[in-house]
Amino acid sequence: MKFGIENYSLTYPLSAIASIFLILGFYRIGKILFKHRYIRNSLQEICILNFQYIPISLIFIYLIFYPLVLFFNIHSDIFYFTSILILLIGIWHFIDKIKNLKLNNNNLFKNLYSLTLFIFVLLYFFLSLGPITDADSLDYHISVPLHIINYGTFPKDISWFHASQAGIGEIPIILGLIIGAEQFSALVQFSGFISILGVIKKNINTNNNINNFKNEFYLILIFLSIPLLIFLNSTAKPQLIFISYSTLAFAITFFNLKIEKSNSNLYKFFLIILLLYVGFEGKFSFILSAFIISIISSFKILKGKNYKAFIFTFLIILILSFPSFYWKYLNYGGNFINKIYFPFFPVLDGYKALYNSINACEFPCNKSFFLFPNSLGRYTETIGIAILTIPILLFTNIKKNILIIFSIIFYFLILYNYGKFSARFIIEPVIWSIITLKHSKFNFDFKFSGLLKLYIFLQGFLTASAILVGIFTISVGFLTPKLKSYVLTNYAYGYDLANWSSSNLKTNKKVIYSHRSISLPKMNIIPTDFLLYTNDKKYLNLLKEKKPEYLIIHSNSSENIKKLISCTSGIYKKKENYFKQKSRNFFNKKDFKYSAYIYYFDYNKLPDCYFK
């Protein structure tokens with residue numbers, strides 16, 4: 001067994017090259033899938049088809065491997081050979097494209113607008129090539145796939161609280177890590193970004209005059225300049241790919257699903273519900289958009305008397321979702337209804353506290369934070385000027401768009417009162433409004449439009465500048481091993497602590513690790529996240545059963561975690577006032593230092609020692 005993400009990353013830049021070929025493999029598979037006329041016909045009216053090849057092909061990987069890792073012990077060779085096969089398909093696709101490459105310089109860029117958008121997208125691509133440095137990714141988004149590679153199955157340990165947030169979205173990450181393609185997970189998110197762009201950029205105008213082109217340019221630029229996309233596009237966190245699925249489902253439902261009885265409606269409705277299911281299965285927060293879109297699409301299907309389509313679709317989705325429902329029932333208790341109304345099965349002690357912490361308002365708490373960052377360091381956690389596209393909907397054909405407007409209002413009301421009111425969860429209705437403005441043929445030439453255009457270009461400049469900072473501080477790490485080491489040392493969350501710990505302990509040692517970035521150390525790590533939410537004895541007994549040999553504590557650990565020191569038998573190593581609080585955000589760097597200690601751990605003393 002190998003532990004730690006660095007054991008699953010090829011020498012740079014080979015890791016990035018392998019990641020690109022792997023993503024190209026999925027592109028080629030998607031191209032083959034789109035030869036099926038019902039897949040093609042369901043999407044061709046609302047998006048650019050080749051922009052959807054990767055997200056649609058990934059769905060098949062989700063549906064094949066997710067049930068398998070839930071119930072069976074899958075040997076890592078199966079992931080390895082699957083990944084190698086897709087990689088070879090990607091290399092074949094690349095060679096095929098090079099052989100048939102025809103450059104027509106006259107049509108490469110129609111004008112300055114096209115060149116600007118191309119450069120913007122290229123910047124996002126380079127941004128996605130950097131080493132993984134953010135806290136969420138280095139916690140469960142990477143550690144769960146590493147667990148599956150090592151043990152062949154999804155983690156069933158109820159004391160590993162954060163692993164309960166992992167799901168179907170971690171499956172593609174396995175295929176990247178197993179062949180050392182570390183950047184593949186971020187490229188999956190980039191493919192989600194491209195998918196959404198393909199919906200916004202779809203040409204729906206029969207009259208291709210310059211005004212229509214300019215209006216489309218402003219809408220695309222509004223989308224590209226959303227600061228939040230910088231974060232979502234440069235992380236292993238599987239969110240942007242699921243946003244692309246809900247975006248496709250939205251576009252089909254409101255702009256392509258007709259109220260009539262037809263075979264095409266069957267395939268469109270099935271695709272809508274499948275897209276929504278995958279998004280919801282990947283991240284519980286997508287249940288709100290899934291509920292809204294599924295209700296409206298179901299209404300259209302039933303009004304068109306497509307009863308067989310409705311019944312057939314939901315039967316298939318029930319069959320697909322049953323393995324996940326049943327697995328969580330077996331491992332977390334409760335009942336099947338828990339999966340619908342509450343994501344973390346509050347029948348287990350501490351899990352309600354986990355849910356509340358995830359759902360809590362961002363610190364410092366301000367529900368207008370998604371509009372106005374309290375510092376430059378939090379610029380990438382905002383929506384920015386794109387939020388104005390929602391009130392602008394009121395200046396379109398309200399009668400035509402009334403259902404969309406009410407859907408967005410309902411979304412905000414539920415999110416404000418019951419959900420987490422942050423940019424990451426607001427971006428969906430913002431994208432919906434941008435797409436609706438596109439289909440409403442909104443004209444940006446109106447009174448005071450000059451001021452709006454100025455703000456659009458200003459935010460575009462700020463976002464492009466922020467991306468460039470990200471590329472030259474973090475993404476540049478993909479070029480050489482030396483640059484990677486520099487980036488990780490200076491920007492990766494918890495890297496210096498993990499590096500020190502790995503240099504002092506053998507890889508086969510079982511170690512209780514108090515830092516969140518549990519995918520960085522090269523030992524057999526036992527997380528302590530349950531102690532952030534509960535100190536129930538059953539979890540301490542589970543910790544005892546794992547027979548840990550060492551405890552690594554840092555001075556910033558919570559008091560609940562520090563109580564484990566009572567269960568130790570002496571210090572093995574220590575390093576004081578050496579480690580720094582790292583952040584990949586250039587403006588969020590902090591100067592304070594903290595200490596770390598490695599203790600000999602006596603698990604036989606558990607659980608009583610903890611309460612002394």
Side-chain angles (χ1 to χ4, degrees), residues 2-13 15-16 19 126-146 162 173 176-177 180-187 189 230-237 377-378 380-381 466-467 469-505 511 513-523 525 527 529 552 554-557 575 578-596:
K2 294 188 296 182
F3 303 100
I5 185 174
E6 287 197 78
N7 282 321
Y8 293 90
S9 180
L10 292 171
T11 302
Y12 280 32
S15 176
S19 300
F126 283 117
L127 185 67
S128 67
L129 294 179
I132 298 171
T133 57
D134 64 290
D136 269 1
S137 296
L138 294 173
D139 185 0
Y140 61 94
H141 291 306
I142 296 298
S143 58
V144 168
L146 291 181
H162 290 172
I173 300 176
L177 294 177
E182 181 185 336
Q183 288 87 347
F184 177 69
S185 54
L187 286 175
Q189 304 318 304
I230 298 173
F231 167 70
L232 294 180
N233 191 73
S234 58
T235 175
K237 189 180 185 71
R378 303 193 76 173
T380 58
E381 298 174 51
I467 295 172
V469 170
I471 291 172
F472 286 112
T473 56
I474 295 178
S475 298
V476 69
F478 85 89
L479 292 172
T480 67
K482 187 176 180 180
L483 283 172
K484 177 190 178 182
S485 178
Y486 173 81
V487 168
L488 292 177
T489 302
N490 288 278
Y491 298 103
Y493 186 65
Y495 178 76
D496 49 0
L497 175 61
N499 211 26
W500 174 73
S501 302
S502 299
S503 66
N504 283 288
L505 292 172
V511 181
Y513 197 67
S514 64
H515 197 277
R516 189 181 177 193
S517 299
I518 58 175
S519 63
L520 285 174
K522 297 175 182 178
M523 302 88 69
I525 292 299
D529 50 5
I552 297 179
H554 60 90
S555 53
N556 291 335
S557 300
K575 204 168 183 88
Y578 173 80
F579 306 99
K580 293 182 180 180
Q581 186 76 23
K582 303 292 174 59
S583 171
R584 67 180 188 154
N585 191 310
F586 184 81
F587 297 102
N588 284 343
K589 297 192 77 173
K590 298 177 181 178
D591 295 326
F592 71 87
K593 295 181 179 180
Y594 64 92
S595 307

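- Scanning all heavy atoms of the two residues, the minimum distance from S128 to A186 falls at O-CB, 3.2 Å.
- S9 is listed as a side-chain neighbour of K484, based on a closest heavy-atom distance under 4.5 Å.
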Checklist line | Candidate pair L127 and I474, rule side chain to side chain contact (heavy atoms under 4.5 Å, CB included), full reasoning | finding: CA-CA 8 Å; L127 185 67; I474 295 178; over 6 Å; no
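- Minimum heavy-atom separation, L138 to T133: CD1-O, 3.5 Å.
- If you take OH on Y140 and CD1 on I518, they are separated by 11.0 Å, rounding to the nearest 0.5 Å.
- Taking the side chain to side chain donor-acceptor pair (under 3.5 Å) definition, one finds that S15 meets it with Q183, sequence neighbours left out.
- Taking F579 as the reference, W500, Y594 meet the ring-ring contact (aromatic ring centres under 6.0 Å, His included) condition, with sequence neighbours excluded.
- Closest approach of A596 and L497 over heavy atoms only: CB-CD1, 3.4 Å.
- With sequence neighbours left out, the side chain to side chain donor-acceptor pair (under 3.5 Å) criterion links Y8 to N150.
- Looking at every heavy atom in both residues, P481 comes nearest to Y12 through CD-O, 3.2 Å.
- Counting only distance, with no hydrogens or angles, the side chain of S519 and the backbone of S143 share no donor-acceptor pair below 3.5 Å.
- Residue pairs meeting the salt bridge (charged side-chain N to carboxylate O under 4.0 Å, His left out) criterion with at least one member in residues 473-483: none, sequence neighbours excluded.
- In terms of the side-chain contact (heavy atoms from CB on, under 4.5 Å) criterion, residue partners of L505 (sequence neighbours excluded) are, by chain and number, V511, M523, Y550, I552, Y572, I598.
- With values rounded to the nearest 0.5 angstrom, S501 atom OG is found 10.0 Å from L520 atom CG.
- With sequence neighbours left out, the side-chain contact (heavy atoms from CB on, under 4.5 Å) criterion links P145 to E170, I173, I174, L177.
- For S514, the side chain to side chain donor-acceptor pair (under 3.5 Å) criterion is met by S557, not counting sequence neighbours.
- With rounding to the nearest 0.5 Å, the separation of CD1 in I132 from CG in L488 is 10.0 Å.
- Panel note: side chain S137, backbone T235; no donor-acceptor pair is recorded below 3.5 Å.
- Listed by chain and number, the residues in a side-chain contact (heavy atoms from CB on, under 4.5 Å) with N499 are Y495 (sequence neighbours excluded).
- No donor-acceptor pair closer than 3.5 Å links the side chain of D139 to the backbone N or O of A135.
- Here the OG-NE2 distance, from S595 to H554, works out to 11.0 Å after rounding to the nearest 0.5 Å.
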Next item on the list: List the steps, then state whether side chain to side chain contact (heavy atoms under 4.5 Å, CB included) holds for V487 with T473.
Entry: CA-CA 7 Å; V487 168; T473 56; over 6 Å; no
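- Note that the OG atom of S517 and the CG atom of D134 stand 8.5 Å from one another [nearest 0.5 Å].
- H162 approaches D529 most closely through the heavy-atom pair N-OD2, 2.9 Å.
- Across all non-hydrogen atoms, the minimal contact from S185 to A236 is OG-CB, 3.3 Å.
- In this structure, F478 and E182 have side chains that are not in contact, with every pair of non-hydrogen atoms separated by 4.5 Å or more.
- Partners of H515 according to the side chain to side chain donor-acceptor pair (under 3.5 Å) rule, which considers only residues two or more places apart in sequence or in another chain, do not exist here.
- Atoms OG and CG, from S475 and L483 in turn, are 11.5 Å apart once rounded to the nearest 0.5 Å.
- Residue pairs satisfying the salt bridge (charged side-chain N to carboxylate O under 4.0 Å, His left out) criterion with at least one member in residues 470-481, sequence neighbours excluded, are absent.
- Partners of D496 by salt bridge (charged side-chain N to carboxylate O under 4.0 Å, His left out), not counting sequence neighbours, listed by chain and number: K582.
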